[in-house]
Amino acid sequence: MFYTSGTTGIPKGVVHSQATLAQAVNLMEAIMPPRTAQGALGTGAVHSMLDAIVPWSILMILAAHRLGRAVALLPVLTAETTLALLQRLPLSFLKGAPSHFNNLLAAGEASTAAPFPR
């Protein structure tokens with residue numbers, strides 16, 4: 001059972017069967033870059049800017065495991081810790097809500113670290 005507040009803010013549980021969970025993992029796996037992709041896209045770790053207990057993060061972790069990808073977990077999830085992760089580890093997949101990506105861009109603009117190599 002996954003618990004979510006969705007957009008309503010009211011917690012509710014959603015029951016998934018084994019088949020539904022497998023199909024959801026298959027969908028998540030299908031959106032990850034194939035291992036045959038060039039560079040980090042094919043071999044890099046995956047990371048979610050959402051808590052690891054969030055259903056979408058769980059599905060991403062399961063799909064990454066099935067694909068043989070490393071999962072980068074951080075003890076504290078902030079835009080700054082994610083930015084530091086990106087600066088030291090090539091990722092093949094980064095998951096988050098639009099607000100996470102906006103905060104990540106703002107952290108990058110405010111950072112005094114050297115820009116990413118191109």
Side-chain angles (χ1 to χ4, degrees):
M1 179 177 284
F2 283 154
Y3 287 93
T4 179
S5 63
T7 57
T8 66
I10 300 169
K12 55 190 154 295
V14 178
V15 178
H16 288 279
S17 68
Q18 186 76 15
T20 303
L21 181 60
Q23 289 172 348
V25 171
N26 288 343
L27 287 172
M28 182 64 69
E29 185 179 327
I31 65 171
M32 289 184 176
R35 290 188 68 80
T36 55
Q38 293 293 325
L41 285 181
T43 58
V46 301
H47 174 67
S48 176
M49 293 184 281
L50 306 167
D51 285 328
I53 61 168
V54 172
W56 292 113
S57 292
I58 293 169
L59 295 173
M60 183 208 70
I61 291 167
L62 292 172
H65 176 70
R66 191 188 294 170
L67 290 169
R69 302 275 175 84
V71 177
L73 297 175
L74 297 172
V76 177
L77 287 175
T78 65
E80 292 75 20
T81 58
T82 301
L83 180 62
L85 173 69
L86 287 168
Q87 289 171 331
R88 72 175 193 278
L89 181 69
L91 296 178
S92 63
F93 188 78
L94 179 62
K95 184 157 196 51
S99 60
H100 291 113
F101 288 99
N102 287 333
N103 292 340
L104 184 60
L105 288 171
E109 290 171 356
S111 174
T112 58
F116 294 114
R118 294 194 185 259

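Counting only heavy atoms from C-beta outward, the side chains of Leu77 and Leu50 never approach each other to under 4.5 Å. Taking 4.5 Å as the limit, every side-chain heavy atom of Arg69 sits out of range of all side-chain heavy atoms of Leu91. Contact annotation: the side chain of Leu27 never approaches that of Leu59 to less than 4.5 Å [non-hydrogen atoms, C-beta and beyond]. Ser57 has its side chain out of reach of Asp51: every pair of non-hydrogen atoms, C-beta onward, lies at least 4.5 Å apart. You'll find the side chain of Ser111 reaches within 4.5 Å of the side chain of Gln87, heavy atoms only. Leu94 is listed as a side-chain neighbour of Met49, based on a closest heavy-atom distance under 4.5 Å. Inter-residue side-chain proximity for Lys95 and Met28 is flagged as met; some heavy-atom pair is nearer than 4.5 Å.
The nearest pair of heavy atoms linking Leu83 to Ala107 is CD2-O, 3.6 Å. Residues Leu89 and Ala45 share a closest heavy-atom pair of CD2-CB, 4.0 Å. Of all heavy-atom pairs spanning Ala22 and Arg66, the tightest one is O-NH2, 4.2 Å. Nearest heavy atom pair, residue Val46 against residue Ala64, reads CG2-CB, 3.5 Å.
Distance check: Met32 CE to Ser92 OG gives 7.0 Å after rounding to the nearest 0.5 Å. With rounding to the nearest 0.5 Å, the separation of CG in Asn103 from CD in Glu80 is 8.0 Å. With rounding to the nearest 0.5 Å, the separation of OG1 in Thr82 from CG in Leu104 is 6.5 Å. The distance from atom CZ of Phe93 to atom NE2 of His47, rounded to the nearest 0.5 Å, is 12.0 Å.
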